Chemist: 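Attaching a single structure in structure tokens format; questions to follow.
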Amino acid sequence: MSDSPTFETRLLIAGEQVAGGGGALDVENPYTEETIATVGLPSEAQLDAAVAGAREAAREWARTPAIERGEMLHEVATRLRARTAELARVMTLEGGKPLLENSDEVGWTAAAFDYYAEIGRDHAGRVIPPIEASQLAMVVKDPLGVVGCIVPWNYPLLLLAWKVAPALAAANCVVCKPSELTPLSTLMLASAFEHLPAGTVNLLAGDGEVGAMLASHSDVDCIAFTGSVETGKKVAAACTPRMARMNLEMGGKDAFIVCADVAPQLEIAARGGAWAAFLNAGQVCTSAERFYVAEEVFDEYAVAFVEHTQGLILGDPFKVETDIGPMVSAPQRAKVVAQLEAATASGAEILIGGDSGGQERGHFLSPAVVTGAVPDSALLTDETFGPVAPLVPVSSLDEAIELANATPFGLGANVYTANLESAIRCMRELRAGTVWINDPLTDNDAGPFGGFKQSGLGRELGREGLEAFQETKHVHMESKIERKEWWYPYREYGASDQA
């Protein structure tokens with residue numbers, strides 16, 4: 001790793017890489033707390049130019065045969081894989097996630113482009129039964145036009161791919177705004193898209209003001225957003241006056257249920273719980289943030305969870321032995337600490353963690369295991385987005401399901417059970433967009449991802465993720481040009497006098 005790294009800080013607008021003409025954005029390394037780059041924000045005119053470039057490119061892109069679009073998306077995936085080391089390094093510098101996890105993220109990002117390169121070739125509509133034998137009836141899937149993609153900082157490339165890949169496969173063009181905390185890796189993608197027609201993909205940097213301009217832009221047909229509920233509601237409000245389509249993933253408060261029948265495998269369930277709670281320092285939309293554990297095994301599970309957590313290593317995210325890096329920013333860490341302090345003030349006990357983990361610099365928070373949190377504490381009601389696992393004993397699966405559903409969120413839920421009946425009950429009764437049973441937080445490009453209730457609108461991934469960027473048109477075609485017997489005037493066809 002160079003002592004004086006350089007970064008790509010130019011914006012990609014209508015096929016040209018240009019310096020931002022607006023204000024300046026400093027990018028911090030959350031491990032060293034040093035500024036590592038300054039990025040120019042787009043001016044309002046540049047944002048307009050990006051949208052206009054996408055609008056112009058969309059005409060030709062929609063006429064490009066799907067097989068050719070697919071080949072170009074496969075090429076994006078190839079270029080991403082070729083730059084895995086470089087992209088992972090920059091994501092580690094700007095986001096703090098361990099290098100291993102960022103290397104994986106590049107691979108997952110490429111896989112999303114490969115997936116949509118294929119299904120975009122065979123999902124343009126369907127033929128439906130006509131009314132008469134001389135007719136042809138079809139359902140045609142049209143592109144929306146211009147899609148604005150607003151992406152968070154925790155998985156900057158993967159969550160961009162979940163929007164951009166299906167949008168492009170569906171013949172749309174895109175304008176992308178990454179988080180102000182992690183713009184560098186996104187701007188590096190310009191070379192991965194340079195073989196596409198100019199304007200097909202536009203890459204901006206920006207803060208909330210830039211995001212607001214994009215969401216309210218009159219020539220943006222759809223906004224695909226991942227972020228907080230508060231910001232998601234602002235996006236929805238901006239889209240509503242022009243009735244723009246929106247696809248919103250707005251976080252969660254995921255439950256993790258451990259049934260008594262898992263007693264012989266509690267260590268495995270504890271390791272799975274730690275993975276679900278502490279991955280990326282707990283900064284995952286589907287992090288397990290409420291553990292409902294059968295009271296028969298609660299004490300043993302807590303011991304196993306703490307013992308496993310003790311062995312996790314915090315530190316330099318570039319070191320191979322590091323399990324957990326710093327949180328992304330001081331404000332994000334402070335929010336989580338405030339939840340822990342409020343919980344302990346109300347009687348909760350931190351069994352392990354909740355401090356800096358012995359680190360002298362960086363936004364570190366050692367993974368915390370908590371018991372005794374009161375039901376109405378923010379730790380059990382509000383999204384935490386940090387490395388905290390609150391454990392709550394429950395008397396039955398009925399109680400666990402009831403508590404899991406007692407939230408305005410519904411993004412994901414995890415269950416550990418060896419009982420098929422319990423697994424089926426949870427599958428049917430948990431109000432969440434994804435239910436993982438005995439294998440937490442595993443994504444599948446073919447499986448739709450999104451939430452119930454305030455966790456969002458629409459779905460990413462799967463065929464549903466492609467359809468989110470398609471308009472549905474019904475085409476009714478008659479092969480004969482002839483007068484129909486039910487047309488006016490009725491008297492010519494013997495209509496009876498009803499008077």
Side-chain angles (χ1 to χ4, degrees), residues 51-52 54-70 116 118-148 163 166-174 197 200 215-225 233 235-248 428 433 448 450-453 456-499:
V51 175
R55 176 67 65 193
E56 179 64 26
R59 297 184 179 92
E60 186 63 30
W61 188 242
R63 291 193 288 264
T64 302
I67 190 169
E68 293 182 20
R69 292 199 304 268
Y116 281 108
E118 292 302 311
I119 70 167
R121 294 172 53 186
D122 68 352
H123 198 60
R126 67 187 189 276
V127 177
I128 60 176
I131 301 302
E132 298 182 10
S134 59
Q135 299 169 348
L136 177 64
M138 297 173 287
V139 176
V140 176
K141 297 292 185 177
D142 285 347
L144 299 175
V146 176
V147 177
K163 298 163 180 58
L168 295 180
N172 302 279
C173 292
V174 299
T200 306
S216 61
H217 201 288
S218 60
D219 280 338
V220 174
D221 302 289
C222 173
I223 291 291
F225 166 85
K233 289 180 178 179
V235 169
C239 290
T240 298
R242 69 184 191 282
M243 298 303 292
R245 292 273 287 274
M246 63 188 87
N247 198 31
L248 310 177
R428 290 176 174 167
F452 289 22
K453 299 181 278 188
L457 300 171
R459 292 293 183 270
E460 297 182 310
L461 299 182
R463 290 191 178 274
E464 290 84 353
L466 184 70
E467 291 172 346
F469 301 110
Q470 293 177 317
E471 197 67 82
T472 300
K473 179 187 294 179
H474 173 214
V475 177
H476 175 85
M477 185 184 301
E478 171 60 75
S479 62
K480 300 176 182 178
I481 300 178
E482 61 183 12
R483 179 180 173 182
K484 300 296 182 180
E485 64 180 24
W486 53 83
W487 293 356
Y488 299 127
Y490 293 144
R491 62 182 177 274
E492 294 186 7
Y493 293 97
S496 60
D497 187 353
Q498 300 296 320

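This chain uses plain numbering: 1 for the first residue, then up along the sequence. All of these numbers come straight from a predicted model, not from anything done at the bench.
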Chemist: Does this structure show an ion pair linking K484 with E132, if we count only N-O contacts that are shorter than 4.0 Å?
Modeler: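 Yes.
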
Chemist: Is R483 atom CZ crowded by more than 12 heavy atoms from other residues, nucleotides or ligands, each under 6.0 Å away?
Modeler: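 Check passes, neighbour count above 12.
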
Chemist: A side-chain contact here means heavy atoms from C-beta on lying under 4.5 Å apart; do V475 and K473 qualify?
Modeler: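 The answer is yes; the side chains approach within 4.5 Å.
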
Chemist: Salt bridge or not between R242 and D221? Use side-chain N to carboxylate O under 4.0 Å.
Modeler: no

Chemist: Any sub-3.5 Å donor-acceptor pair from W61's side-chain atoms to L168's backbone N or O?
Modeler: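 Yes, W61 side chain to L168 backbone: donor-acceptor pair under 3.5 Å.
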
Chemist: For E460, is there an ion pair with K163 - N to carboxylate O distance below 4.0 angstrom?
Modeler: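 A salt bridge is present here (some side-chain N lies under 4.0 Å from a carboxylate O).
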
Chemist: Donor-acceptor pairs under 3.5 angstrom involving side-chain atoms of residues 121-128: please list them, not counting sequence neighbours.
Modeler:
from : atom 1 : to   : atom 2 : distance (Å)
H123 : ND1    : R463 : NH1    : 3.0
H123 : NE2    : E467 : OE2    : 2.9

Chemist: Are any non-hydrogen side-chain atoms of V174 and T200 less than 4.5 angstrom apart?
Modeler: no

Chemist: Is it true that, when you exclude E485 itself, more than 12 heavy atoms of the residues, nucleotides or ligands shown sit nearer than 6.0 Å to its CD?
Modeler: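 Atom CD in E485 is not crowded, with 12 or fewer foreign heavy atoms closer than 6.0 Å.
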
Chemist: So C239 and M246, do their side chains get closer than 4.5 Å, heavy atoms only?
Modeler: yes

Chemist: So which atom in R459 and which in A468 form the shortest heavy-atom distance, rounded to 0.1 Å?
Modeler: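 In this case the closest contact between R459 and A468 is O-CB, 3.9 Å.
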
Chemist: Test S134 against every option in E478, K480, E482 by the side-chain hydrogen bond (donor to acceptor under 3.5 Å, both in side chains) rule and name the one that passes.
Modeler: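 In the set E478, K480, E482, the residue that makes a side-chain hydrogen bond (donor to acceptor under 3.5 Å, both in side chains) with S134 is E478.
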
Chemist: Please report the C-alpha distance between V51 and V220 in whole Å, then the side-chain angles of each, then the deciding distance to 0.1 Å, and finally whether the side chain to side chain contact (heavy atoms under 4.5 Å, CB included) criterion is met.
Modeler: CA-CA 7 Å; V51 175; V220 174; 4.0 Å; yes

Chemist: Quick one: does R69's side chain have a donor or acceptor within less than 3.5 Å of a partner on T64's backbone?
Modeler: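 At least one qualifying donor-acceptor pair exists.
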
Chemist: So P448 and L461, do their side chains get closer than 4.5 Å, heavy atoms only?
Modeler: no

Chemist: Check whether any side-chain heavy atom of V140 lies under 4.5 Å from a side-chain heavy atom of E471, and answer yes or no.
Modeler: no

Chemist: Within the distance-only criterion (no hydrogens, no angle test), does the side chain of Y116 pair as donor or acceptor with the backbone N or O of G462 below 3.5 angstrom?
Modeler: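 Yes, Y116 side chain to G462 backbone: donor-acceptor pair under 3.5 Å.
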
Chemist: Side chains of Q135 and S479 only: does a donor on one sit below 3.5 Å from an acceptor on the other?
Modeler: no

Chemist: Just by distance, do the side chain of D219 and the backbone of A52 share a donor-acceptor pair under 3.5 Å?
Modeler: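 Not confirmed, D219 side chain does not pair with A52 backbone.
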
Chemist: If only atom types and distance count, is the side chain of N172 paired as donor or acceptor with the main-chain N or O of P143 below 3.5 Å?
Modeler: no

Chemist: Please walk me through it: do H476 and M138 pass side chain to side chain contact (heavy atoms under 4.5 Å, CB included)?
Modeler: CA-CA 7 Å; H476 175 85; M138 297 173 287; over 6 Å; no

Chemist: Side chains of F225 and N247, heavy atoms from C-beta outward: is any pair under 4.5 Å?
Modeler: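 Result no, sub-4.5 Å side-chain heavy-atom pair not found.
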
